[in-house]
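See structure below.
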There are 2 protein chains.
Amino acid sequence: MPEPSANADFLAQWRFALAPYNLGYKVKLTSQLMYRAFQERLEPHGLTPFHYLVLCCLWEEDGLSTSGIADKLKQLGATLTGVVDRMESRHLVYRERDPSDRRIVRIWLTEEGRQLMQVLPPLGAEVIEQATANLSKPDQETLLRLLDQVVQNLL
Amino acid sequence: MPEPSANADFLAQWRFALAPYNLGYKVKLTSQLMYRAFQERLEPHGLTPFHYLVLCCLWEEDGLSTSGIADKLKQLGATLTGVVDRMESRHLVYRERDPSDRRIVRIWLTEEGRQLMQVLPPLGAEVIEQATANLSKPDQETLLRLLDQVVQNLL
DNA sequence: CGAAAATAGTTAACATGCTAAGGATTAGCG
DNA sequence: CGCTAATCCTTAGCATGTTAACTATTTTCG
C-alpha cells in the first residue's frame, strides 16, 4: 500500500478528473437537480420530465414517428417505446401504424395532450428561472452555448 | 383546436422552455453523452460511471459511511445501497458495520479497488478532453463555475 | 426478380435513481 | 430511566436508459 502522501499527490494531480470536482459529475448533478425540480411541478399532472420532452416534439409537429422523436431527442428507440407506452396509458398520445410504410408507428396527440401545451411550458420556465436566478443574461447564453459545444464534441 | 398560427406563436414565445432548446434538456443530453463516453472506457473494467464516483470518494477517504458517500455525491441512501451491492459483488469494496455505532455501515476499498486509482482517473480525463476539445481554458472554467451556480440555486 | 441489407419498433435484462416504508440503533428530552 | 425522535440502512416498486436480440417491413443491389 503506497504511502498516504503519494496518494495525496496523485489525487491532487488528477483532481480535475475526480468526483465531485470533475465536469462529468457537475453536469450530472445539475441535470438531476433540474429533473427533481421539474418533477415536483409535474407530479400534480401525473407526468414525468421525459413525457414533457416527447410532448414538446409533438406540439411542434404532431404525428412524428417513434424514430423521429428519438432522433430529435437523441435517444434510443427502446427508450421511446417504454415512454410512449406510459404516455399512451395516460391518454396523452396514441399510436397509429403508418399506412404507407408499415414499419413506421406514428405518435399523435390526444386532446388532453394538446391542451397541456398551455399548461406545462410555464412550469418548465419556472425551473429555468430558479436554476438561473443569479446568472446574468449573458452568462445564461454562455452556459447554453458551452453546453451545445460539449454536445457537438461528443456526438 | 386552435389555429396552427396561434400554436406557432405560443411555441415561439415559450421556445426557451421547450425541448430540445431548453436548458434542462441541454444539460441532460450533455450528461448522457459524457456518461456514454465514460461508460465505453470503463466497460473493459466491468465498471459503470457511478462506480467511479464512489471510488473517487473512497480514494480520498477510505471507510466512509453509506450516508457519508451519499452526502458527498448528493444522492439518496437507497441509491447508494444498490450501487454498493454491485461494487461488493465485483470485489471493489466491502461493507463493515461500525462497532461504535451499529446503525452505520462503513465502505472500505479492497486492494483491487485501491489499485484502480492508478488506472481510472486518466480515463476520466480523456472524456473531459474529448468533451472540451474546442473550448478555451477560460471557457472551461466558466462552464464549471456556471454549473456550480446552477447547483447552488437548486439545492 | 429475388436475396441481402437496412430500417422500424419491440422485448428482455440490467443499472441507475426516485419515493415510501420498515427495522435496528442511537440521541435527546422530560 | 424510559419514551420519543432522529438517524442509518435496506427493501420494494416504478421510471428511465442502456445493450442485444428479435420480428416485420421496406430498400437496395446484382
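Below, read A as the first sequence line, B as the second, and so on, with proteins coming before strands; counting in each chain starts at 1. All values reported here derive from a predicted model rather than from experimental measurement.
To the nearest angstrom, P of dT10(C) lies 11 Å from CD1 of Ile69(A). Leu42(B) has its CG atom 14 Å from the C1' atom of dA15(C), to the nearest Å. Atom CD in Glu43(A) sits roughly 8 Å away from atom P in dA20(C) (whole-Å rounding). When rounded to the nearest whole Å, the span between CG of Leu29(B) and P of dG17(D) equals 11 Å. Taking atom CG on Leu80(B) and atom P on dT10(D), their separation rounds to 9 Å, with Å as the unit.
Phe16(A) and Trp14(A) have parallel rings, their planes meeting at less than 30° on a 0 to 90° scale where 60° marks the start of perpendicular.
A heavy-atom distance below 4.0 Å to DNA chain C is reached by these residues of residues 97-109 of chain B, ordered by number: Asp101(B), Arg102(B), Arg103(B). Within residues 54-66 of chain A, no residue has a heavy atom under 4.0 Å from DNA chain D.
Between Asp98(B) and Arg103(B) there is no salt bridge, since none of the side-chain N atoms of the basic residue sits less than 4.0 Å from a carboxylate O of the acidic one. With respect to the salt-bridge test (charged N to carboxylate O, under 4.0 angstrom), the residues Asp101(A) and Arg106(A) do not qualify.
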Any chance you could lay out the ring pair (Phe, Tyr, Trp, His ring centres under 6.0 Å) test for Phe38(B) and Tyr52(B), step after step, and finish with the verdict?
CA-CA 10 Å; Phe38(B) 198 19; Tyr52(B) 181 73; 4.9 Å; yes
Kindly indicate, with the supporting measurements, whether the criterion side chain to side chain donor-acceptor pair (under 3.5 Å) is fulfilled by Glu43(B) and Gln39(B).
CA-CA 6 Å; Glu43(B) 208 273 330; Gln39(B) 194 169 34; over 6 Å; no
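Residue Ser67(B) has no polar side-chain atom (N or O) positioned under 4.0 Å from OP1 or OP2 of dT7(D).
Leu11(B) and Tyr25(B) fall within the same hydrophobic cluster, defined by Ile, Leu, Val, Met, Phe, Trp and Tyr side-chain heavy atoms under 4.5 Å apart, directly or through other members. Cluster annotation: Leu76(A) and Leu64(A) are assigned to distinct hydrophobic clusters (Ile/Leu/Val/Met/Phe/Trp/Tyr, side-chain heavy-atom contacts under 4.5 Å, transitive). Cluster membership check: Tyr35(A) does not share its hydrophobic cluster with Leu33(A), using side-chain heavy-atom separations under 4.5 Å among Ile, Leu, Val, Met, Phe, Trp and Tyr.
Thr48(B) has its side chain out of reach of Val83(B): every pair of non-hydrogen atoms, C-beta onward, lies at least 4.5 Å apart.
No side-chain donor from either of Gln130(A) and Glu126(A) sits under 3.5 Å from a side-chain acceptor of the other.
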Please list each protein N or O that sits under 3.5 Å from an N or O in nucleotides 16-19 of chain C, with the distance.
from    : atom 1 : to       : atom 2 : distance (Å)
dT16(C) : OP1    : Thr48(B) : OG1    : 2.7
dT16(C) : OP2    : His51(B) : NE2    : 3.3
dT16(C) : OP2    : Arg86(B) : NE     : 2.8
dT16(C) : OP2    : Arg86(B) : NH2    : 3.4
dT16(C) : O5'    : Arg86(B) : NH2    : 2.9
dG17(C) : OP1    : Lys28(A) : NZ     : 2.4
dG17(C) : OP2    : Lys28(A) : NZ     : 2.7
dG17(C) : O3'    : Gln32(A) : NE2    : 3.3
dC18(C) : OP1    : Gln32(A) : NE2    : 3.0
dC18(C) : OP1    : Arg36(A) : NE     : 2.8
dC18(C) : OP1    : Arg36(A) : NH2    : 2.5

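When atom types are taken as modelled, the side chain of Ser31(B) and the backbone of Val27(B) share no donor-acceptor pair closer than 3.5 angstrom.
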